[in-house]
Amino acid sequence: MATFTRGFGRGRDDRDDARIPPGQTLVGDWPVLSAGATPDVAPADWTFSIRTESGQRTWTWDEVRALGVEDVTVDIHCVTHWTKLDMAWRGVPLDRLFAEVDTALGYCMVHSTGGYTTNVPLDDLLHGKAWIAFEADGAPLTPEHGGPARLLVPHLYFWKSAKWVSGIVMQADDQPGFWEDAGYHMHGDPWKEERYW
Ligand SMILES: Nc1nc2c(c(=O)[nH]1)N[C@H]1C(S)=C(S)[C@@H](COP(=O)(O)O)O[C@H]1N2
Ligand SMILES: [Mo]
């Protein structure tokens with residue numbers, strides 16, 4: 001039987017426990033985990049690109065938002081064992097961007113300003129499962145949490161949710177990114193405890 005810290009100002013019940021993956025502990029605050037320095041990116045300077053076998057498509061801040069912003073409430077799970085329930089996010093689903101590119105390649109290398117990378121199969125970024133997020137809990141993302149824009153892939157461990165996201169390079173094979181190269185799992189499903197390999 002796992003032990004959970006209770007409270008944090010919102011009611012918890014047994015249904016919440018069923019939403020906490022194995023080996024995870026509930027937190028109320030929002031920890032900051034960054035491998036390097038926090039870059040300073042202004043929305044006016046931010047762009048997002050997808051590079052495929054046939055070229056590169058780039059969107060500005062306004063162009064991405066014009067694709068259709070949605071609000072989602074999701075749980076996030078960090079491989080360092082914390083889980084945060086019911087976070088309210090605002091962003092654009094990756095489906096909207098991939099609707100505008102043509103690719104037969106099945107794997108994504110996600111890139112961030114500052115050099116961070118993480119690999120995600122394309123299928124895990126489509127079907128309403130991933131967003132380019134601009135806001136969390138009703139406020140613009142702060143720089144330490146990845147503002148002005150980060151990836152949000154809540155069904156995978158949070159290291160896949162690249163902060164200061166700048167683009168995706170499509171690949172034929174699943175290549176390891178920053179943490180995957182250091183031994184983190186290539187996929188990272190928290191319900192299967194795909195932590196390390
Ligand atoms: N660019 C970038 N994105 C990143 C990281 C990072 O170091 N650099 N850390 C990852 C890890 S390990 C986690 S758990 C989450 C932490 O996000 P947070 O600091 O907003 O909680 O961001 C992920 N995305
Ligand atoms: Mo993490």
Side-chain angles (χ1 to χ4, degrees), residues 5 8 19-43 45-51 61 64 71-92 94 107-121 124-125 129-169 175-197:
T5 311
F8 309 122
R19 292 164 57 191
I20 301 171
Q24 296 293 110
T25 301
L26 200 62
V27 294
D29 60 340
W30 187 5
V32 172
L33 284 106
S34 301
T38 296
D40 184 13
V41 185
D45 299 329
W46 180 86
T47 60
F48 187 83
S49 302
I50 299 177
R51 192 192 304 165
W61 174 262
V64 168
D71 292 308
V72 286
T73 300
V74 294
D75 306 334
I76 59 177
H77 313 289
C78 176
V79 72
T80 63
H81 299 278
W82 57 266
T83 280
K84 195 166 162 53
L85 300 181
D86 292 323
M87 283 197 80
W89 294 82
R90 175 167 288 177
V92 173
L94 267 291
Y107 297 94
C108 302
M109 185 63 77
V110 183
H111 289 260
S112 295
T113 300
Y116 186 84
T117 54
T118 188
N119 56 301
V120 186
D124 281 282
L125 295 185
K129 288 186 293 193
W131 294 265
I132 293 177
F134 315 105
E135 291 183 25
D137 289 338
L141 278 178
T142 58
E144 63 265 28
H145 284 302
R150 74 181 296 165
L151 196 68
L152 174 64
V153 196
H155 73 288
L156 300 178
Y157 282 123
F158 208 32
W159 87 78
K160 301 287 186 180
S161 293
K163 303 197 276 190
W164 319 294
V165 70
S166 60
I168 290 172
V169 175
Q175 299 293 327
F178 177 81
W179 281 120
E180 296 83 5
D181 207 36
Y184 282 35
H185 200 279
M186 292 293 275
H187 186 230
D189 182 340
W191 295 97
K192 296 179 184 163
E193 287 210 81
E194 294 175 341
R195 299 177 188 274
Y196 312 103
W197 58 279

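As the structure lists them, so they are numbered: ligands from 1, and atoms in each ligand from 1.
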Q) What do you reckon, does T113 have a nitrogen or oxygen under 3.5 Å from a nitrogen or oxygen of ligand 1? A) no
Q: Report yes or no: do H77 and T83 form a side-chain donor-acceptor pair below 3.5 Å?
A: yes
Q.
With a heavy-atom distance limit of 4.0 Å, tell me whether K160 approaches ligand 1 through its side chain, its backbone, both, or neither.
A. neither
Q | Enumerated ligand 1 atoms positioned under 4.0 Å from heavy atoms of S34 | A | 7 (O)
(Q) Closer than 3.5 angstrom, by distance alone: can the side chain of N119 be matched with the main-chain N or O of G177 as a donor-acceptor pair? (A) yes
Q. Which residue owns the protein heavy atom closest to atom 14 (S) of ligand 1, what's the atom, and how far is it?
A. C78 SG, 3.2 Å
Q: Considering the heavy atoms of P31, write down every atom of ligand 1 situated less than 4.0 Å from one of them.
A: 18 (P), 19 (O), 21 (O)
(Q) With nothing but distance in play, are any N or O atoms of L33 less than 3.5 Å from an N or O of ligand 1? (A) yes
Q: Taking the side chain as every heavy atom from C-beta outward, state whether K129 and V153 have any pair of such atoms under 4.5 Å apart.
A: no
Q. Between W30, Y157, F158, W179, which one has a non-hydrogen atom sitting closest to atom 13 (C) of ligand 1?
A. F158
Q: Could you list the atoms of ligand 1 found under 4.0 angstrom from a heavy atom of S161?
A: 22 (O), 23 (C), 24 (N)
Q) Taking F134 as the fixed residue, which of L152, L141, V92 is the one that meets the side-chain contact (heavy atoms from CB on, under 4.5 Å) rule? A) V92
Q) With sequence neighbours left out, what residues match E193 under side-chain contact (heavy atoms from CB on, under 4.5 Å)? A) P22, Y157, R195
**Q.** Side chains of E180 and W197, donor plus acceptor under 3.5 Å
**A.** no
Q: Using modelled atom types only, decide if a donor and an acceptor are shared between the side chain of W46 and the backbone of V165 within a distance under 3.5 Å.
A: yes
Q) Has ligand 1 got any nitrogen or oxygen that is less than 3.5 angstrom from a nitrogen or oxygen of H145? A) yes
Q. Does any N or O atom in W164 lie less than 3.5 angstrom from one in ligand 1, N or O only?
A. no
**Q.** Protein contact of atom 12 (S) of ligand 1 - nearest heavy atom, named by residue and atom, plus distance
**A.** W159 CB, 3.4 Å
Q. Closest non-hydrogen protein atom to atom 1 (N) of ligand 1, residue and atom name please, with distance?
A. K163 O, 3.0 Å
Q: State the atoms of ligand 1, each with its element, that fall below the 4.0 Å cut-off from a heavy-atom position in S112.
A: 1 (N)
Q: List every atom of ligand 1 that sits less than 4.0 Å from any heavy atom of A35, numbering the atoms from 1 in the order shown and giving each element.
A: 6 (C), 7 (O)
Q: Walk me through it: do H187 and D124 pass the test side chain to side chain contact (heavy atoms under 4.5 Å, CB included)?
A: CA-CA 9 Å; H187 186 230; D124 281 282; 3.2 Å; yes
Q) So which heavy atom in the protein is nearest atom 17 (O) of ligand 1, and how far is it from that ligand atom? A) R150 NH2, 3.1 Å
Q. Which atoms from ligand 1 have a heavy atom of A162 less than 4.0 Å away?
A. 3 (N), 24 (N)
Q) Going by the angle between their ring planes, with limits at 30° and 60°, are W30 and F158 parallel, tilted or perpendicular? A) tilted
Q.
In terms of relative ring orientation, are F178 and Y116 parallel, tilted or perpendicular, with 30° and 60° separating the classes?
A. tilted
